[in-house]
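Worth knowing before you read on, the calculation uses all heavy atoms, side chains too, and leaves out hydrogens, waters and symmetry mates. Lettering follows sequence order; numbering is per chain, from 1.
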Protein chains: 2
Amino acid sequence: MTTLAQPLIQDKRPRGRPRKTLDERDDGNRRHQLLQCAARLFRRKGFGATTTRDIAAAVGMHSGSPFYHFKSKNDLLYAVMEEGMRSALERQDKAMQANATGRADEPMMQIRLLMRAHFDVLLGPGNDFIPVMLYESRALNARQRSALAALQSEYEAAWVPVLEALHASGRLQTPAALARLLILGALNWSVQWFDRKKAASLEDLTDAAMTLFFAEPA
Amino acid sequence: MTTLAQPLIQDKRPRGRPRKTLDERDDGNRRHQLLQCAARLFRRKGFGATTTRDIAAAVGMHSGSPFYHFKSKNDLLYAVMEEGMRSALERQDKAMQANATGRADEPMMQIRLLMRAHFDVLLGPGNDFIPVMLYESRALNARQRSALAALQSEYEAAWVPVLEALHASGRLQTPAALARLLILGALNWSVQWFDRKKAASLEDLTDAAMTLFFAEPA
DNA sequence: CCTACCGATCGGTAGG
DNA sequence: CCTACCGATCGGTAGG
């Protein structure tokens, strides 16, 4: 029973799965499908327990094909995290710009917008990218890790002046740096328990967090 | 080059590693060493990326020997988490009993003791068990998951009446259930950034958290 | 707990 | 992006 003794077609290809429909035929579309499916699987099963075959099957490819788009499984993981951070930064920027016409200089308003945007990033529909980033960073190599850290610093940089203003005004008694770690932690943990079907809205969640940290929803 | 063509001793055994020193020879001691090393490796590399061979080598066993102590790699993971929860419950109980002679009925004192004990559980030296539990629960099967959930509920049960008392007195404006999730999240996240070599003491950390949530260290 | 091993699977690749 | 495949590794086991 050597491998040479199997000249006929092996039934290893995923059958019955529609491929090459109109909206899939495009260019980098397949790459993004891989990212999306990888994110979902990495989140549900963990990076180590997800095989590249799982991911290939999820988008209707054969087992070797993901490596046409990504050099390695590890590169795919990093791409998921990078994509997550880029869209998080975009959403955060948008939230702060929308505020520019309103009470832009009120720290309580700003911190609320930051928290609300962060809940969006963490819990918005189809957002598996950031949860993967939060729980699978160990699997990155040194170069990937520092590249990701730069994006994370950029993201958290928006929080710093706001928290410092709140601290200076006495509204926040904890030092800004420590407060940022504790507050972001409280929010990040919500990916573990928040249930979009049962729990309150993200707006309610933001109210609750504002009240907990600043004694009023602002 | 079949496997039968290698009659001589294969150099696959870990050499130069001291085995059977005096304090290792005992009974269930080896089992606990496996737990300890597994916890450290699971935390550093993740469950999926840790091999049973890694663990065996870390305690000076050969590759098949961990399975004498644990039925499967998965059982080993669960044992790590269970051990973590049992010691966490023990530490929490001890903290609350020590308080019984003091201002036992003051919620602000009680929540402080709970938070301080929790930081011990999360960040105390050699405590890799709970961090593993926090980040690798996905790998558990349904039965293991529900068994662990029971222990976690028991642990969190101590927080409920305290937070409810604080809410009733107006000291905590967020509903108790939501406050518990947010506060435990803020604390749990500290395993990601706390550095025993650089950061403040656990006592200082507790002060900061108390101030953030309740506007005074109590 | 070691010896010696296996079946299965996995990440990855050459060539088209 | 598929075909066809490989080398390496991994969890696990029988027998002692």
Among dG11(D), dA4(D), dC2(C), which nucleotide sits nearest the side chain of His62(B)?
dC2(C)
For a quick check of understanding: with a heavy-atom distance under 4.0 Å over all strands, which category does Ser65(B) fall into, base, sugar-phosphate or nothing?
base
Taking only residues two or more places apart in sequence, or in another chain, which ones meet Tyr135(A) in a ring pair (Phe, Tyr, Trp, His ring centres under 6.0 Å)?
Tyr135(B)
Nucleotide nearest Phe67(B) when distance is taken to its side chain, options dC10(C), dC10(D), dG12(D):
dG12(D)
Tell me, please, which residues at least two apart from Tyr78(A) pass side-chain contact (heavy atoms from CB on, under 4.5 Å).
Glu82(A), Leu140(A), Gln144(A), Ala147(A), Leu148(A)
Which of dG12(D), dC10(C), dC2(D) is nearest the side chain of Arg53(B)? It is dG12(D)
Leu184(A) vs His118(A), side-chain contact (heavy atoms from CB on, under 4.5 Å): CA-CA, chis, key distance, verdict
CA-CA 9 Å; Leu184(A) 279 170; His118(A) 196 59; 3.6 Å; yes
How long is the line joining CG of Asn74(B) and P of dG11(D), in whole Å?
11 Å
Specify the residue among Ser63(B) and Lys73(A) whose closest nucleotide of DNA chain C lies further upstream toward the 5′ end.
Ser63(B)
Nearest heavy-atom approach of Asn127(B) to Arg43(B) is O-NH1, 3.8 Å
Take the protein atom CE of Met61(B) and the nucleotide atom C1' of dT3(C), then report the distance between them rounded to whole Å.
15 Å
In terms of heavy-atom contacts, Leu41(A) and Thr50(A) come closest through O-OG1, 3.3 Å
When the distance from OH of Tyr68(A) to C1' of dT3(D) is rounded to whole Å, what number comes out?
16 Å
Length of the line joining Leu77(A):CG and dG12(C):C1', which is rounded to integer Å
17 Å
For Arg40(B), what residues pass the salt bridge (Lys or Arg N to Asp or Glu O under 4.0 Å) criterion, not counting sequence neighbours?
none
Partner set under ring pair (Phe, Tyr, Trp, His ring centres under 6.0 Å) for Phe47(B), not counting sequence neighbours:
Phe42(B)
Atom-to-atom span, CG of Leu41(B) to P of dG11(D) - whole angstrom
12 Å
Rounded to whole Å, please give me the gap between CG in Leu34(B) and P in dC2(C).
10 Å
Rounded off to whole Å, could you give me the NZ-to-P distance for the Lys71(A) and dT13(C) pair?
9 Å
Are there runs of at least three consecutive Watson-Crick or G-U pairs touching DNA chain D, with each pair's two distances under 3.5 angstrom? Give them by first number.
C:1-16 with D:1-16
Taking it one step at a time, do Leu123(B) and Val191(B) satisfy side-chain contact (heavy atoms from CB on, under 4.5 Å)?
CA-CA 6 Å; Leu123(B) 308 173; Val191(B) 307; 4.1 Å; yes
Taking it one step at a time, do Gln92(A) and Leu114(A) satisfy side-chain contact (heavy atoms from CB on, under 4.5 Å)?
CA-CA 7 Å; Gln92(A) 187 182 63; Leu114(A) 286 172; 3.6 Å; yes
At under 4.0 Å, does any side-chain N or O of Ser72(A) touch on OP1 or OP2 of dG11(C)?
no
Let me know the distance between CZ of Phe70(A) and C1' of dT13(C), rounded to the nearest Å.
18 Å
Between protein and nucleic acid, restricted to nucleotides 14-16 of chain C and to nitrogen or oxygen atoms under 3.5 Å apart, what atom pairs and distances do you find?
none

